[in-house]
There are 2 protein chains.
Amino acid sequence: MVMDFSQIRRNDHLPARIASQIGREISDGRIAAGEKLPTEHILAKTFGVSRSVVREAIAQLRNEGLVETRQGVGAFATDIERRHSIRIEQGNLADRRSFQSLFQLRLPLEIEAAGLAAVNHTAEDLSKLDEALEQMTGEEKWTEKGILADLAFHRQIAASTHNEYFLLFLGFIAERIHLAINTARETAVLTEIVEVTIAEHVAIRDALASRDPIRAREAMRHHLDGAASRLGLQLRIF
Amino acid sequence: MVMDFSQIRRNDHLPARIASQIGREISDGRIAAGEKLPTEHILAKTFGVSRSVVREAIAQLRNEGLVETRQGVGAFATDIERRHSIRIEQGNLADRRSFQSLFQLRLPLEIEAAGLAAVNHTAEDLSKLDEALEQMTGEEKWTEKGILADLAFHRQIAASTHNEYFLLFLGFIAERIHLAINTARETAVLTEIVEVTIAEHVAIRDALASRDPIRAREAMRHHLDGAASRLGLQLRIF
DNA sequence: TGTTGTACGGTTGTCTGATAACCTTATATG
DNA sequence: CATATAAGGTTATCAGACAACCGTACAACA
């Protein structure tokens with residue numbers, strides 16, 4: 001028998017907690033953009049921790065782009081425009097609405113990527129694409145390996161655009177989505193429709209090979225449309 | 001006379017440099033996923049810095065999701081899927097090719113956003129859009145304020161999709177692009193074509209108001225097409 | 001045999017104090 | 001008036017120590 005103890009509230013990471021506290025002060029506007037934060041000494045005293053912890057907290061905020069520090073002057077809250085990173089907490093994708101929103105964002109990017117890849121791909125790209133396809137075809141069922149192959153397939157398409165940002169953003173989004181699917185996995189739904197999915201992937205691959213962007217876009221659109229409905233999503237696809 | 005000193009490679013932020021160096025080791029696979037990093041002591045010795053600096057560097061990597069640390073055990077490289085943030089170094093957008101790539105990524109997102117906004121926007125959204133438009137129209141020249149209004153306009157469209165991720169991603173990308181334009185600003189080019197730009201914005205606004213997604217997409221496509229050519233970009237727009 | 005208690009070494013987390021590098025401001029200097 | 005210098009404050013970095021925690025090995029015990 002397994003006891004179901006509730007997780008104790010672990011003292012996890014003092015700097016992170018302080019960082020989020022200061023971060024909230026900024027996000028909520030209690031510290032205006034451009035305003036100077038208290039000195040590290042003062043912060044350390046007010047939070048009752050050492051300066052090291054405060055420094056690490058500020059470093060975290062700086063990484064997220066919420067503050068800028070100038071040596072010998074101080075730390076300043078930055079305005080939103082200067083932020084240079086974007087993040088998604090995995091927990092956010094738990095609810096269906098948020099998940100659907102991310103999928104909706106993915107749509108135009110994948111479609112555009114397919115069109116660009118059709119034009120820009122090299123012979124090497126195509127062979128890598130075929131590799132990923134083979135991984136998927138070989139599997140009888142939609143196992144973990146098949147899912148990874150699917151990820152690799154889409155990733156290779158993004159790479160075939162030869163646009164670094166498509167690879168960066170699409171890779172990020174696709175991984176988020178696949179992860180969300182995995183955590184709330186109802187694999188049963190997926191096993192039966194492997195052939196359909198593979199057929200769609202092959203269609204995309206062939207369209208790409210023909211270097212016809214319109215056809216590639218259509219194939220990708222059709223694939224995502226199918227994938228969405230298989231996931232029970234209701235998306236607007238133009 | 002303004003001297004054009006080449007940017008001195010400032011020693012700025014030792015931890016960041018070390019973090020990127022370690023980060024590259026991971027990204028390039030020289031440190032496999034799940035593998036343990038050297039201890040802080042060893043890293044400090046090998047880099048010739050104090051442990052504080054190493055700690056800050058690792059904290060940064062932890063923030064970006066590239067490593068996980070466990071007290072009493074060590075720091076471990078995480079596999080790609082766990083990463084939960086995406087970032088763009090501003091310096092990367094200096095060269096034209098990279099800038100163009102980001103603009104190319106923006107295209108399908110803006111167009112899709114326009115279509116979604118046409119369907120999903122509320123009356124309040126529309127009035128905010130008009131506000132931003134007024135800010136642009138009021139200005140004689142394409143001043144800083146006009147640029148901000150342009151940003152606000154596009155941001156409001158993203159918001160009008162009522163899809164949090166469109167707002168997050170598009171806001172991020174648009175700000176990056178505008179910032180890059182500002183730093184390498186050739187304002188002279190922009191001042192003369194204000195009327196054209198405003199007219200395009202009005203067209204988008206009206207298409208949105210008519211709740212016709214096709215028309216809204218077309219208007220946005222046309223606007224971005226114009227903007228790209230005004231910036232001297234050669235983009236493929238389907 | 002198998003389980004539990006305990007000691008030990010190693011690693012990260014936090015603290016403390018000091019020094020260097022840097023900025024701002026005020027003051028002196030010519 | 002312009003420039004140089006000094007002073008004080010702040011962040012950046014360093015060094016060393018202790019605390020908290022983990023994994024393992026080994027002894028003790030049933």
Side-chain angles (χ1 to χ4, degrees), chain A residues 1-3 5 7-23 25-26 31-32 34-78 82, chain B residues 1 5 7-23 25-26 31-32 34-78 82:
Chain A
M1 164 144 191
V2 177
M3 301 297 285
F5 287 118
Q7 199 85 316
I8 337 177
R9 188 76 201 94
R10 207 93 188 73
N11 249 14
D12 59 351
H13 226 208
L14 204 44
R17 283 192 297 173
I18 291 182
S20 76
Q21 196 158 337
I22 298 178
E25 296 279 321
I26 297 175
I31 298 179
E35 195 173 334
K36 185 174 170 302
L37 269 60
T39 70
E40 294 177 350
H41 271 293
I42 294 177
L43 285 175
K45 190 145 296 185
T46 58
F47 283 111
V49 298
S50 80
R51 219 187 120 210
S52 321
V53 175
V54 171
R55 277 193 60 73
E56 195 163 321
I58 289 182
Q60 180 172 334
L61 293 174
R62 187 177 43 219
N63 290 339
E64 295 173 6
L66 266 76
V67 305
E68 279 180 357
T69 59
R70 281 188 291 159
Q71 182 173 168
V73 185
F76 300 83
T78 71
R82 313 286 292 272
Chain B
M1 164 151 187
F5 287 118
Q7 198 80 316
I8 307 179
R9 193 67 207 106
R10 205 88 191 74
N11 248 13
D12 57 355
H13 228 207
L14 206 43
R17 284 192 298 172
I18 291 181
S20 76
Q21 196 158 338
I22 298 178
E25 296 279 323
I26 296 176
I31 298 180
E35 194 174 335
K36 185 173 170 303
L37 269 59
T39 71
E40 295 177 349
H41 271 292
I42 295 177
L43 284 176
K45 190 144 294 185
T46 55
F47 283 112
V49 299
S50 81
R51 212 184 128 209
S52 322
V53 174
V54 171
R55 276 193 62 73
E56 193 165 325
I58 289 181
Q60 179 173 334
L61 294 174
R62 186 177 44 218
N63 247 70
E64 296 171 5
L66 267 78
V67 306
E68 280 179 357
T69 59
R70 280 188 292 160
Q71 182 174 174
V73 185
F76 301 82
T78 70
R82 311 285 293 272

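Labels below follow one simple rule: chain letters A, B, ... track the order of the sequence lines, proteins then strands, and each chain is numbered from 1.
Map B:Gln71 and A:Ser50 each onto its nearest nucleotide of DNA chain C; the residue landing nearer the 5' end is B:Gln71. Between A:Gly48 and A:Gly72, the residue anchored nearer the 5' end of DNA chain C, judged by the nucleotide with its closest heavy atom, is A:Gly48.
Counting heavy-atom neighbours within 6.0 Å of B:Lys36 NZ, excluding the residue itself, gives a total above 12.
Put simply, CZ on B:Arg62 is 14 Å from C1' on C:dT11, counting in whole angstrom units. The NE2-C1' distance, from B:His41 to C:dG13, rounds to 12 Å in whole Å. Nucleotide D:dT10 holds its C1' atom 11 Å from the CD1 atom of A:Ile58, rounded to whole Å. Taking atom CG of B:Leu14 as the reference point, atom C1' of C:dA21 lies 13 Å away to the nearest angstrom. Spacing between atom CZ of A:Phe76 and atom C1' of D:dT10 amounts to 10 Å, rounded to whole angstrom units. Distance CZ (B:Arg55) to C1' (D:dA20): 12 Å, rounded to an integer number of Å. Remark: P of C:dA18 and CD of A:Glu40 are 17 Å apart, rounded to the nearest angstrom. When the P atom of C:dC15 is taken as reference, atom CG of A:Leu43 falls 14 Å away, rounded to whole Å.
The closest donor-acceptor contact from the side chain of B:Thr78 to the backbone of B:Glu68 lies at 3.5 Å or more, if one exists at all.
Nearest nucleotide to the B:Val73 side chain, out of C:dT11, D:dT13, D:dC22: D:dC22. Distances from the side chain of A:Ser52 to the nucleotides C:dC15, D:dT13, D:dC22 place C:dC15 closest. Nearest nucleotide to the B:Lys36 side chain, out of C:dG13, D:dA12, C:dT11: C:dT11.
The structure places CD of A:Glu56 at 5.0 Å from CZ of B:Arg55, a figure rounded to the nearest 0.5 Å.
A:Thr69 comes within contact range of the sugar-phosphate backbone alone, with a heavy-atom separation under 4.0 Å but no base atom that close. Using a 4.0 Å heavy-atom cutoff across all strands shown, A:Arg70 reaches sugar-phosphate atoms only and no base atom.
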Inset, instruction - Applying side-chain contact (heavy atoms from CB on, under 4.5 Å), run through A:Val67 and A:Ile22 and close with a yes or a no. - result: CA-CA 10 Å; A:Val67 305; A:Ile22 298 178; 5.6 Å; no

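Just one of B:Ile42, B:Leu14, B:Ile18 meets the side chain to side chain contact (heavy atoms under 4.5 Å, CB included) condition when paired with B:Phe47; it is B:Ile18.
Between B:Arg51 and D:dA15 there is no side-chain N or O to OP1 or OP2 distance below 4.0 Å.
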